[in-house]
Q: 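Sharing a structure with you now.
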Amino acid sequence: MTRIDIAPSDRGPRSGNAVEVRGIVKHYGETKALDGVDLTVRQGTVLGVLGPNGAGKTTLVRVLSTLVKPDAGTAYVGGYDVLRQPRQLRRTIGLTGQYASVDELLSGYENLYLIGRLLDLPAKEAKARATELLERFSLTEAAKRPAKTYSGGMRRRLDLAASMIGRPRVLYLDEPTTGLDPRTRNEVWDEVQRMVAEGSTVLLTTQYMEEAEQLAHGLTVIDRGRVIASGGVSELKTQVGGRTLHVTPAHTAELPEMARCLHEAGLTAATVSEDAGVLTVQLADDEQLTTVVGVLGTRSFGIASIDTKLPSLDEVFLAITAKPAVTAAPTPAKETVA
Amino acid sequence: MTTAIAYETSDPRIGPGAHLRHVGALTRRNLMRIKADPESILDAVLVPIILTVLFSYVFGGAVSGDQHTYIQYMIPGLLGTTGLNLAMAVGTGLNSDFQTGVMDRFRTLPIGRASVLLSKIAAETLRCLLSFTILIGFAMVLGLEIKTDPLQLLAAVGLSLLFGMSVVWISMLLGMSLRSAQAVQGVSMMVMMPLQFGSSIFAPTNSMPGWLQSFTHYNPLSALADACRALINGQGAVAHPVTVVLLWSVAITAVTAPLAVARFRRRA
Ligand SMILES: Nc1ncnc2c1ncn2[C@@H]1O[C@H](COP(=O)(O)OP(=O)(O)OP(=O)(O)O)[C@@H](O)[C@H]1O
Ligand SMILES: [Mg+2]
């Protein structure tokens, strides 16, 4: 094994980063699946990759798993070059693809045992590891049944177990909980957190903001093959504008008056939708929520319902793509009220 | 930033021992798939029986005058056909394997890129041997005589197997190059039909028109049929047809195996 010392440069992996992607490009004819993606995942952390359908998430994961050769750019995983050290890289990673990749004719146990053997585990160890993971993913009862008799959620769990057999240092999960019931989703989350606690690094693509919040330390949003935002979870959410408060008054006629009072109290972000009969306030912080409740309470407005919502992935996403407009736009509330 | 960092630039190959273990584990998988879906082995069992019955009773009288003479003539040639039939079906199976995602999993594992294909060859060898055993056994019930010795019979089986396995590489290459399993099946048929019937397997070639005779002359299946006939019936030259079959098998493997192995990683 050659070990060479070099000064840090654009080409080499920087220590501390489990995944380092620079300018990765992959075009399919006219489709720019990846159009110059840069991202890094620090050792031992979870990066959530968000993006709408067709954004390029799966293509990115496939490039990082040596399944797809990029047209340009460099990528290092665990210090190994995707293009030049594919064999070493494959020892480092585990992949749960977007679509199940279990052998339908084999039992759950045999699927896992086979992968253990292909990862060079001795027979005894492969056996023990398969049994252990079946247990952890609540598949022990179905262990001997062919995978084709499994439900969608069971297949997904088996797939996840398969990607964890070799205790990979870097784990890719491409929409791991799509189609899972809430309990199973929690099991998967627990298992991912456990892997991270044991020192693994995870790159997770998801459509669920909740999942990203539960698991991810950092987020990267991609769209049309480009990174359009990245940062910590809270960072990104504040960027988007935090929570939204919805107030439905008992009497729709009071809506303009409610909005006026809130404006006077300094909540200029209050907007009214007369059609829906709802007052909406973008909350910058918790204090504003207290202010709203206080103002509406002292004036004894009749309130039918009041609730706060975190931005959905859609809202985060839409807000980020429209970001220049969002920060620059003056509040339209005045016109609405007038 | 002046700190120097160290990292490996090498990518050690997978050793022969590990290679063997991987192929072994994958072969076990292939065999377990057969066990889970026994119908998939029906062709290996039934094809030799059906072909034997069909050809000895339907064409036997017309070609050789009597059924017994025809069995003795045709069965050695059927070894080659049976192998070819089984071999050409491999690509179809491989194509469906790729449509399920299992191959993606294998391609992200640190195994040699030939392992999956070699494990197919290993499982196919066993299927072929089963099929050959049924063919010879059934034909012997119908009156086939081994006029030479068991060793030469084994040589005939080995030669047919070798040729069959070289064809498996063609089939796997087709299976990974064409889009759908149906397309693979269609193209396979187009390759197989003229090869089988434009050969000396079913009928002596001297009754064929001149252009067809030249085709059959260079058809490896003719050489295979002639070689097996010589090895089982003890008539005719052995060395020449055997050499021709060996050369063909090596040539086909040398050309298509590397292409198939390269294709295995590249297929998206
Ligand atoms: N093999 C391929 N051939 C042609 N186009 C492809 C191929 N793979 C992906 N694409 C295209 O590249 C783009 C990105 O696809 P990708 O699957 O990476 O998106 P995604 O972000 O994973 O979407 P989703 O959320 O729907 O899973 C899409 O427009 C897709 O049609
Ligand atoms: Mg996807």
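Each chain gets a letter, A, B and so on, in the order its sequence line appears, and its residues count up from 1. All of these numbers come straight from a predicted model, not from anything done at the bench.
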Q: Is any side-chain N of the basic residue among A/E110 and B/R29 closer than 4.0 Å to the acidic one's carboxylate O?
A: no

Q: Let me know if B/R21 has heavy atoms under 4.5 Å from chain A in its side chain, its backbone, both or neither.
A: side chain

Q: What pair of heavy atoms forms the shortest contact from A/T66 to B/R107, and how long is it?
A: OG1-O, 3.9 Å

Q: How close do B/V102 and A/V102 get, counting heavy atoms only, and between which atoms?
A: CG2-O, 3.3 Å

Q: Would the number of heavy atoms belonging to other residues, nucleotides or ligands and lying under 6.0 Å from CD of A/E198 be above 12?
A: yes

Q: Any side-chain heavy atom of A/R91 within less than 4.5 Å of one from B/P110?
A: yes

Q: At a 4.5 Å cut-off on heavy atoms, which part of A/L106 comes close to chain B: side chain, backbone, both, or neither?
A: side chain

Q: Atom CD of B/Q99 and atom OH of A/Y99: how far apart are they, to the nearest 0.5 Å?
A: 14.5 Å

Q: For B/R13, which atoms come within 4.5 Å of any heavy atom of chain A: side chain, backbone, both, or neither?
A: both

Q: Would you name the heavy atoms of B/G101 and A/S101 that are closest together and state the gap between them?
A: O-CB, 2.9 Å

Q: So, taking the atom named CG in A/L114 and the one named CZ in B/F106, what distance separates them when rounded to the nearest 0.5 Å?
A: 5.0 Å

Q: Do the side chains of A/L67 and B/D104 get nearer than 4.5 Å, heavy atoms only?
A: yes

Q: I'd like to check B/L109 versus A/R90 (side-chain heavy atoms, cut-off strictly below 4.5 Å). Are they in contact?
A: no

Q: Give, as side chain, backbone, both or neither, the part of A/S65 having an atom under 4.5 angstrom from any heavy atom of chain B.
A: both

Q: Heavy-atom distances under 4.5 Å only: say whether A/D159 touches chain B with side chain, backbone, both or neither.
A: both

Q: Under a 4.5 Å cutoff for heavy-atom pairs, which residue among A/I93, A/N111, A/D120 has the most contacts with chain B?
A: A/D120

Q: Quick check: do B/R105 and A/S163 have side-chain heavy atoms less than 4.5 Å from each other?
A: yes

Q: Below 4.5 Å, heavy-atom pairs only: which of A/G97, A/A162, A/A100 has the largest tally toward chain B?
A: A/A162

